[in-house]
Number of protein chains: 2
Amino acid sequence: MPRMDGCGPGGPMGWRGRFKGCGYRMTTGREAILDILTVSEKHLSAEDIYRKVTEKYPGVGLTSVYRTLEILSNMGIVYKFDFGDGRARYELAEGSKKPDHHHHLVCTKCKRVIDYTEFIDEEVELLKKTEKGLSKRYNFAINNHLIQFYGLCGKCKAESPK
Amino acid sequence: MPRMDGCGPGGPMGWRGRFKGCGYRMTTGREAILDILTVSEKHLSAEDIYRKVTEKYPGVGLTSVYRTLEILSNMGIVYKFDFGDGRARYELAEGSKKPDHHHHLVCTKCKRVIDYTEFIDEEVELLKKTEKGLSKRYNFAINNHLIQFYGLCGKCKAESPK
DNA sequence: TTGATAATGAAAACCATTTTCAATAAGGAG
DNA sequence: CTCCTTATTGAAAATGGTTTTCATTATCAA
Ligand SMILES: [Mn+2]
Ligand SMILES: [Mn+2]
Ligand SMILES: [Zn+2]
Ligand SMILES: [Zn+2]
């Protein structure tokens, strides 16, 4: 049983450091998973990650992938999303240097997901204001938000019944 | 197999009318489910609805509840949410007259969900603008959005490790 | 090096949702 | 109202992503 989840976010410390700081042991499996998340395209499922990890480390089990992803999610290192295709999707919270906060366009037909960063500044500004008001109003400690737009991507729109 | 899902939204027609207009047959089960959704508290799971429906109509099966909810969801009559507790939650899109569009505060610990309507006007205004820009930029037909704030509710915040 | 115990993988369990399929019932035609 | 087509239904089984169990292994502080 891990000592504690969700040790404070951010900080200049690398994952390794944060991990150990939280009382976790660093293993090959965990390192491989973090590497995959850092390098690969975004929005991977547990199975996606599992397949990529086992290419290099055939010993790692799917179970551990799930377990690691839960820890990372609790620590705020990765975000866990539900885009409606029946499996959870994960992506690294921050690319270390890139302040690449973004939101999503989700195609309800083909489940494709588009990251967008336009308008983000305005959105985030409004969110900040809103958060402040809601926190006080509902005595609620907000530490995350989710914004997604649903609709049809270009391709699905074209294929749609006229 | 239903004739078609997602016949255009809105309109002064009641559910019954919209249903039949879409080629669906109106059954006791379906009517009961709609009634429950209209009367009950929000954010019910399929099982919640199933239990309430069978109080009055013991014959209705859970399978049909799922089937009906999918149709209603596709028609835009109910919204389907994932609040992270492992089951889908449903709520009526609009209370007929009440223009009660709202967003959500989700407690990541106890999974409680708070509806809020403050700031909604500002948010929706910004969303409209954003949608317009994104639609053009990504050739994406947006017809819905999701905004949720995650954090700790008052109670969970108090109980938290100091 | 050693020991306490966190972490692991394989297999089984879980459980919300979906599929299958034979029986039923809605509702338009006549 | 009666027929007839076929959408709809419930029960049971299947599905499939995720979690649990448990005996074994590996991490790392001392
Ligand atoms: Mn993304
Ligand atoms: Mn709500
Ligand atoms: Zn699409
Ligand atoms: Zn709470």
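To find a chain, count down the sequence lines: A is the first, B the second, and so on, and within it residues start at 1. Note: hydrogens, waters and symmetry copies are ignored here, and every other heavy atom, side chains too, is used.
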Legend entry - 4.5 Å side-chain heavy-atom contact, B:L126 and A:F119: no

Inset, instruction - Hey, could you give me each pair passing salt bridge (Lys or Arg N to Asp or Glu O under 4.0 Å) that has a residue in residues 133-142 of chain B? Not counting sequence neighbours. - result: A:E118-B:R137

Inset, instruction - List the steps, then state whether salt bridge (charged side-chain N to carboxylate O under 4.0 Å, His left out) holds for A:R51 with A:E55. - result: CA-CA 6 Å; A:R51 265 198 293 270; A:E55 281 175 15; over 6 Å; no

Inset, instruction - Can you tell me the distance, in whole Å, between the CD atom of A:E47 and the P atom of D:dT18? - result: 9 Å

Inset, instruction - Report yes if a side-chain nitrogen or oxygen of B:T63 is closer than 4.0 Å to either non-bridging phosphate oxygen (OP1 or OP2) of D:dG10; otherwise report no. - result: no

Legend entry - 5′-ward residue of the pair A:G61/B:R87 relative to DNA chain C: A:G61

Legend entry - B:Y24 OH - C:dG27 P separation (whole Å): 14 Å

Legend entry - Five-pair end axes of the helix from C:dT1-D:dA30 to C:dG30-D:dC1 and the angle they enclose, rounded to 10°: 40°

Inset, instruction - Would you kindly give the CD-to-P distance between B:E31 and C:dA26, to the nearest whole Å? - result: 11 Å

Inset, instruction - Measure from CD1 on A:I33 to C1' on C:dT8 and round the result to the nearest Å. - result: 11 Å

Inset, instruction - Establish, with yes or no, whether the OP1 or OP2 oxygen of D:dT19 is under 4.0 angstrom from a side-chain nitrogen or oxygen of A:Y66. - result: no

Legend entry - Lys/Arg-Asp/Glu bridge criterion (N-O < 4.0 Å) met for A:K129, A:E125: no

Inset, instruction - Could you tell me whether the side chain of A:L37 reaches within less than 4.5 Å of the side chain of A:L69, counting heavy atoms only? - result: yes

Legend entry - Euclidean distance, atom CD1 of residue B:I49 to atom P of C:dA16 [Å, nearest integer]: 14 Å

Legend entry - Side chain of B:S64 (C-beta onward), nearest among C:dA25, D:dT9, C:dG9: D:dT9

Inset, instruction - Please report the C-alpha distance between B:L44 and B:K52 in whole Å, then the side-chain angles of each, then the deciding distance to 0.1 Å, and finally whether the side chain to side chain contact (heavy atoms under 4.5 Å, CB included) criterion is met. - result: CA-CA 10 Å; B:L44 304 107; B:K52 299 212 180 201; 4.1 Å; yes

Inset, instruction - For A:R67, report the nucleic acid contact type (base, sugar-phosphate, nothing); a contact means any heavy atom under 4.0 Å. - result: base

Inset, instruction - Check the distance between C:dC14's P and A:L62's CG and give it to me in whole angstrom. - result: 19 Å

Legend entry - 5' priority, DNA chain C, between B:Y90 and B:K20 [closest heavy atom]: B:Y90

Legend entry - Donor + acceptor pair across side chains of A:H145, A:E123 (<3.5 Å): no

Inset, instruction - Verify the contact: side-chain N or O of B:T27 to OP1 or OP2 of C:dA25, cut-off strictly under 4.0 Å; return yes or no. - result: no

Inset, instruction - Find the distance B:Y50:OH to C:dC15:C1' and express it as a whole number of Å. - result: 16 Å

Inset, instruction - Indicate whether any N or O donor in one side chain lies under 3.5 Å from an N or O acceptor in the other, for B:S45 and B:D48. - result: yes

Inset, instruction - Under 4.0 Å between any heavy atoms, over every strand shown, what does A:G59 touch: base, sugar-phosphate, or nothing? Just pick one. - result: sugar-phosphate

Inset, instruction - Could you state the atom-to-atom distance from CZ of A:F19 to P of C:dA7 in whole Å? - result: 8 Å

Legend entry - Closest-nucleotide ordering on DNA chain D, the 5'-leading residue of A:T28 and B:V65: B:V65

Inset, instruction - Select base, sugar-phosphate, or nothing to describe what B:G86 touches, counting heavy atoms under 4.0 Å on all strands. - result: sugar-phosphate

